[in-house]
Structure formats: C-alpha cells, structure tokens
Amino acid sequence: MIKAVRGTRDLLPPDTALWSFVDETARAVFRAYNFQEIRTPIFEDTQLFSRGVGEETDIVSKEMFTWEDRGRAQSEKGQLITLRPENTAGVVRAYIEHNLQTRGLNKLYYIGPQFRRERPQKGRYRQFYQIGAEMIGPPTSGSESPARDAEILELLATFLDRLGISGWTLQLNSIGCAQDRANYNEALRNALDPVKSRMDPDCQRRAVTNPLRVFDCKVPEDQPIIEQLPRISEFLDEPCRKHFEQVQEILKSVGVPFTLNDRLVRGLDYYSRTAFEFTHGALGAQNAILGGGRYDGLSEQLGGPKAPGIGFAIGEDRLVLALNRSAEEMQSKPDVYIAPLGAGMDRESARLARELRHQDLMVELGDETFRLKKSLETASKLGARFALIVGENEIKADSFALKNLATGEQVSVPHSELVERIRPNS
RNA sequence: GUGGGAGUAGCUCAACCGGCAGAGCACCGGACUGUGGCUCCGGAUGUUGCGGGUUCGAUUCCCGUCUCCCACCCCA
C-alpha cells in the first residue's frame, strides 16, 4: 500500500471542519485589522533562505527540502530550489521584487503549508501549516513604530480569544538592535569563558557556537550559572529600550497580559528588537503555539530597500490541538434529507433538491431504491433537521410529508411553504 | 540526527510459557413491504506494519526495515 510519506498526513472530515473554523476566524480578524492576503510560491530559490533566514540556523543547515532543478540545456547547471521552511523571507522577497514600498505600509497575511525536514512528533510535521502576517514598509510609513508591535500582539490576543483558546501566555522580550546584539554576544562570551567548563557538554557547545542559545539550556545544574549571566536588557541602547517600553505601555493600556522573559531568544537570524512567543500548556514539548518579532534589517539583507517590519507565524497544527472543541459539533448538518420513495421519485426529488438548494438550504439527497426506513436512518445519522418524503401521494397532492427528526413530529406541507418551513430560525 | 516505547478488524483494545486470531463500538441485513432513534436476532470483516530468521508450529522469540508516539536537538 502506498502511504502518506513520513511527517505528512491527510486531514479528513470531520476534523477539517476545525481547520476551516480556524482559517475563517483568522480571515475575519485580519479583515478587522485591515490586513490583506498574499500568496507566495511554495518553493523558492534556495539562496533566499540561506541569506534571509541565516546559514547557521538549524532550519537552513539541516532541515530544508532542497533539490537541483534541471538546467535548460543538458550541460547547464540547474538552479537550487527549496520548499519554503517559513514564509517571511518569501513575503519580503515579494516586497522587494514588486516595489511594494511604493504602497507605504503593507499589512499582509498568508495561510499555507511550510516544509521542514525534522523528526516528526506530536505537533510537529514535515509539512505543517502556518497562519502568519507581516507589517512592512519604508520607515516613513510608520513601520518601525512601537504602535505596530502592539497592534500585532493585540491582534493575536484577539484571534486566540475568538477561537476560544484559553490558557495562553504571551512571552515578551527585546533582543536589541544589531549593534546591541553584537555587544551583548561579546559580553556573554566573556562571562561564559571562565565558567563554561563546568557546564553540561551540550550547553558548552552552545556557549561557543551561539551564546544566546545558552539561555535555552534546561539542565538544572547549570541554572545557577545561567542566572549570573548578563541580560540583554542591560545592553539595549536608548532608542531600543524606549521602543520596547512603549510597546509595553500600549499593551497595558489595551489590556493584553504579557510576561517579560529576557531569556526568550528567537531562532532565526533576521530578528531584532521585539521578540515574542505565545505558549500553551497542553501541547507537551512543542508548547510554542506561535512566534514572531521584528526584522528591521531583513529587506536590506536581501538586497532591498530599508524596510523595517514585524510579523508572526502561528503553527496551525498546534492551534488545532489546543482548540478544545469537538470536530463533530463544528460540522455543519443538512437542513433537510430528501427521501425519494419508489420508482420514478429520484427525478422528482432532484427537482425539489435543486429548488431548495437554490434557496441556500443544505440538502442531502437519498435514493429511490432505499427503503424509507433506511432513508430515515441515514437522515438521522447525518444529523439532518428534517426528512422530506417524496412519494407518489406527495407528488399527486403537491404537498410533502416533512418530518422533524428531533421531535418525530410529521406534517404535510404544501410545496409553496417548504422553504419557509425548513429554513432555520423561521 | 540521538535515545526510548508502540504497531493485531474501519476505531479502541484483548489473546497466560510459542499451540485454532477475539471483544466492544462502528458497519450491513432482518424482526418492521410508506416511518429513524430504543430493543432483539443474524452477518461480514484481518498479509497480526513489512521482510527475513529460529521452530513441528510465531501475534508471541531474534534480526533488519517502515511508520507513529515520547524525550533530546530545534522550532510553529
């Protein structure tokens, strides 16, 4: 048997109803904040990610699905192509390619699959889905303003609330401007040098390769050492510190709760200043439901104009896990099940079904070879509100037996009154 | 990529020390020829993930492999 390949999966009904609910809620929220949809290609030039996301990140160094496209001529070298592991780089590429800076502040969102070649586990797949948004534009468009950071975070809180997801925590940090990070990295290395030999081997490795990552060490014995390390907050220059304070002030003013976490580090190279993560308790080791931050230098890094931006990506797979709702109840149910009764009734039923469906009713259509018992059984199983019996008597009288499947009550309804009697809330 | 656990009917899971592969739910038919849900009766369902090995005999033991789950790494 041919099976879905490792780390990929089929989303089937009724579960897909949950996904639709999430997608539709997201679109509604984005609309309220005046975001517009962008769709970028699923694969891109490999260089976009190595330069944008960062050569040294795990994503680029070991998790990308990359292949060499065939060259035009036999002899010609092919281009390296990569399935997108995230979508921010693609959006910024499109921003540059289409001169979107001429539009001022761009507020863009996307919903779609991303690909990372990781070992699968719960809440982590090789093809996974992200709902994300980016606010990007020239500095004069206000793209750098702390008001934008706060707007994004408030949008996220609203979105999670509208989905009915409770128990989330917003972890907030500022990782400073490029210069701050360089200074901080330097200070961290100096602080780690004399003590790192006492640390867990894995943490030692981080101390050398990427000192910021030391804060992710979970080994209990190393915590006292980590506690003593300098904090990024002490290295923020005046504008950065002020920016961060203003973000917090707006959040307080709109009533979005947050927790400052100066150990929060984001994995992608392009982040600067505001960094955040929403976590959720019920997800096991993959507790980050979404993450994001500022990327003020990304556009320039990709050869574009100065275009500060802020964005986030939500792990939709994880969001659906955290969604404490049954797919069953989410599924929409037919308003009416039409039960054709006996030879020739399929064609009469088809006409009725067409008529009702054109009135925007949800109609399921049976089969004239079914016995009435089986039709009614099927109708209740589908959760239809009514069964409409279409037999010879009904056709002659042009009046149909309409059975309320919840109460069992059955009445004969003239053809002209059917829509009115079946329509919900009427 | 590393370490560990699991894989048996559509689903959830049994099967003692190696001895005829089972139950509940779901499904189908009937009791009831134009009336569902409740009840009763009957029915079908399997490459025991896959491949090899040991054995008279393997769901069971061994090896390999695939997939999922958990943890690590890292991230959404």
Side-chain angles (χ1 to χ4, degrees), chain A residues 1-9 12 53 56-64 84-88 111-132 156 200-203 205-206 209-210 213 216-219 264-268 271 276-280 283-293 311-322 337 339-342 345 366 368 370-394 400-410 412:
Chain A
M1 194 183 19
I2 299 174
K3 294 187 290 188
V5 307
R6 173 172 217 194
T8 71
R9 56 184 181 149
L12 305 173
V53 177
E56 299 308 317
T57 61
D58 278 23
I59 291 178
V60 172
S61 63
K62 57 186 199 198
E63 294 171 3
M64 296 202 303
R84 62 186 189 198
E86 56 94 56
N87 218 329
T88 299
I111 299 177
Q114 318 290 340
F115 306 85
R116 289 182 202 172
R117 206 182 169 292
E118 291 185 276
R119 184 124 166 202
Q121 67 188 76
K122 193 186 211 67
R124 172 193 290 166
Y125 306 95
R126 290 183 166 192
Q127 172 172 339
F128 60 103
Y129 295 84
Q130 286 189 333
I131 299 174
L156 284 165
D200 171 85
D202 182 51
C203 303
R205 184 180 51 76
R206 297 183 202 200
T209 58
N210 192 349
R213 285 250 152 251
D216 278 345
C217 278
K218 280 148 196 151
V219 189
L264 173 72
V265 189
R266 309 248 70 236
L268 282 44
Y271 284 115
F276 56 87
E277 207 166 84
F278 282 65
T279 55
H280 193 274
L283 293 181
Q286 268 65 49
N287 67 347
I289 212 166
L290 70 90
F312 62 82
I314 304 169
E316 193 172 8
D317 306 77
R318 294 179 186 177
L319 202 59
V320 169
L321 280 176
Y337 182 98
L341 198 59
M345 291 303 119
E368 67 181 24
F370 290 174
R371 291 169 47 200
L372 183 56
K373 172 186 161 61
K374 177 169 168 152
S375 290
L376 291 175
E377 221 169 70
T378 308
S380 346
K381 221 173 289 172
L382 290 173
R385 293 169 43 245
F386 291 101
L388 183 67
I389 299 168
V390 180
E392 293 210 19
N393 301 341
E394 282 78 5
F400 298 84
L402 184 68
K403 179 162 193 167
N404 181 321
L405 289 167
T407 64
E409 178 200 9
Q410 180 172 322
S412 182

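Chain letters run A, B, ... following the sequence lines, proteins first and then strands; every chain starts at 1.
Minimum atom distance to the side chain of A:R6 is reached by B:rC68, of the listed B:rU35, B:rC68, B:rC69. Comparing atom distances between the A:R318 side chain and each of B:rG1, B:rU35, B:rC75 picks out B:rC75 as nearest. Listed nucleotides: B:rC73, B:rG37, B:rU35. Nearest to the side chain of A:E377: B:rG37.
Side-chain atoms of A:R119 and base atoms of B:rC70 include no donor and acceptor less than 3.5 Å apart. In this model, a side-chain donor or acceptor of A:E394 finds a partner on the base of B:rG34 within 3.5 Å.
Rounded to a whole angstrom, the distance from the C1' atom of B:rC41 to that of B:rU8 is 29 Å. Using atom P as the reference point in both B:rU45 and B:rG7, the two lie 24 Å apart (nearest Å). Across the C1' atoms, B:rU55 and B:rA14 are found 26 Å apart, a figure rounded to whole Å. Between the P atoms of B:rG24 and B:rU39, the separation comes to 14 Å (whole Å). With both ends at atom C1', the span from B:rA26 to B:rC32 equals 23 Å, rounded to whole Å. Between the P atoms of B:rG37 and B:rA44, the separation comes to 23 Å (whole Å). For the P atom pair drawn from B:rC20 and B:rC61, the interatomic distance equals 16 Å after rounding to whole Å. On the P atoms, B:rU54 is 28 Å away from B:rA9, given to the nearest whole Å.
Counting any heavy atom pair closer than 4.0 Å across all strands shown, A:I131 reaches no nucleic acid atom. In this structure, A:R117 reaches the sugar-phosphate backbone alone: every heavy-atom distance under 4.0 Å involves primed, P, OP1 or OP2 atoms, never a base. Within the nucleic acid shown, A:A288 comes within 4.0 Å of sugar-phosphate atoms alone, with no base atom in reach, counting heavy atoms only. Among the atoms of the strands shown, base atoms are found under 4.0 Å from some heavy atom of A:Y125. Base engagement by A:E118 is indicated by at least one non-hydrogen atom pair under 4.0 Å involving a base atom. Within 4.0 Å of A:G7, counting heavy atoms only, lie sugar-phosphate atoms of the nucleic acid but no base atom. Across all strands shown, A:L405 has heavy atoms under 4.0 Å from base atoms, whether or not it also approaches the sugar-phosphate. Using a 4.0 Å heavy-atom cutoff across all strands shown, A:G123 reaches at least one base atom of the nucleic acid. Counting non-hydrogen atoms under 4.0 angstrom, A:G408 reaches a base of the nucleic acid. Within the nucleic acid shown, A:Q114 has no heavy atom closer than 4.0 Å to any nucleic acid atom. Residue contacts shown for A:D317 are absent, as no nucleic acid heavy atom lies under 4.0 Å away.
The partner of B:rU33 cannot be assigned: no Watson-Crick or G-U wobble pair with both contacts below 3.5 Å exists in any strand. Nucleotide B:rA71: paired with B:rU2 (Watson-Crick or G-U wobble, both distances less than 3.5 Å). B:rG42 and B:rC28 make up a base pair, with Watson-Crick or G-U wobble contacts both under 3.5 Å. In this structure, B:rA23 forms a base pair with B:rU12, meeting either the Watson-Crick or the G-U wobble geometry with both donor-acceptor distances under 3.5 Å. Of the nucleotides present, B:rG53 is the one that pairs with B:rC61 by Watson-Crick or G-U wobble criteria, both distances under 3.5 Å.
Taking the side chain as every heavy atom from C-beta outward, A:L156 and A:F276 approach each other to under 4.5 Å. Side-chain contact between A:E316 and A:I111 is present, with at least one heavy-atom pair separated by less than 4.5 Å. Considering only heavy atoms from C-beta on, A:R126 stays 4.5 Å or farther from A:E63 through its side chain. Contact of the A:R117 side chain with the A:K62 side chain is not registered, since no non-hydrogen atoms from C-beta on lie closer than 4.5 Å.
Phosphate contact (OP1/OP2 of B:rC28, side-chain N/O of A:K381, threshold under 4.0 Å): present. Here A:Q121 reaches the OP1 or OP2 of B:rA71: one of its side-chain N or O atoms lies under 4.0 Å away. Residue A:R371 has no polar side-chain atom (N or O) positioned under 4.0 Å from OP1 or OP2 of B:rU35. Side-chain nitrogen and oxygen atoms of A:K373 include none within less than 4.0 Å of the OP1 or OP2 phosphate oxygen of B:rG30.
Annotation for A:F370 and A:S375: closest pair CB-OG, 3.5 Å, computed over non-hydrogen atoms.
Between the CG atom of A:L388 and the P atom of B:rG34 there is a distance of 17 Å, given to the nearest Å. Protein atom CD of A:E316 is 11 Å distant from nucleotide atom C1' of B:rA76, rounded to whole Å. B:rA76 atom P lies 15 Å from atom CE of A:M64, rounded to whole Å. Rounded to whole angstrom, the span from the NZ atom of A:K374 across to the P atom of B:rG37 amounts to 14 Å. Following rounding to the nearest Å, A:N287 (CG) and B:rC73 (P) show an atom-to-atom distance of 12 Å. A straight line from CG of A:L376 to C1' of B:rG34 spans 9 Å, rounded to a whole angstrom. Distance A:L402 CG to B:rU35 C1': 13 Å, rounded to the nearest Å. In this structure, CG of A:N393 is placed 13 Å from P of B:rG34, rounded to the nearest angstrom.
Judged purely by atom type and a 3.5 angstrom limit, A:R318 uses its side chain to pair as donor or acceptor with the backbone of A:A288. The main-chain N or O of A:Y129 is found under 3.5 Å from a side-chain atom of A:D317 such that the two form a donor-acceptor pair.
Nucleotides of RNA chain B nearest to A:R124 and A:A406 differ in position, and the one nearer the 5' end is that of A:A406. For the pair A:A4 and A:A384, both in contact range of RNA chain B, the more 5′-proximal nearest nucleotide belongs to A:A384.
Here the options are A:I314, A:L319, A:L290, the test is side-chain contact (heavy atoms from CB on, under 4.5 Å), and the partner is A:F278; only A:L290 passes.
Between A:K381 atom NZ and A:L405 atom CG the span is 13.0 Å, to the nearest 0.5 Å.
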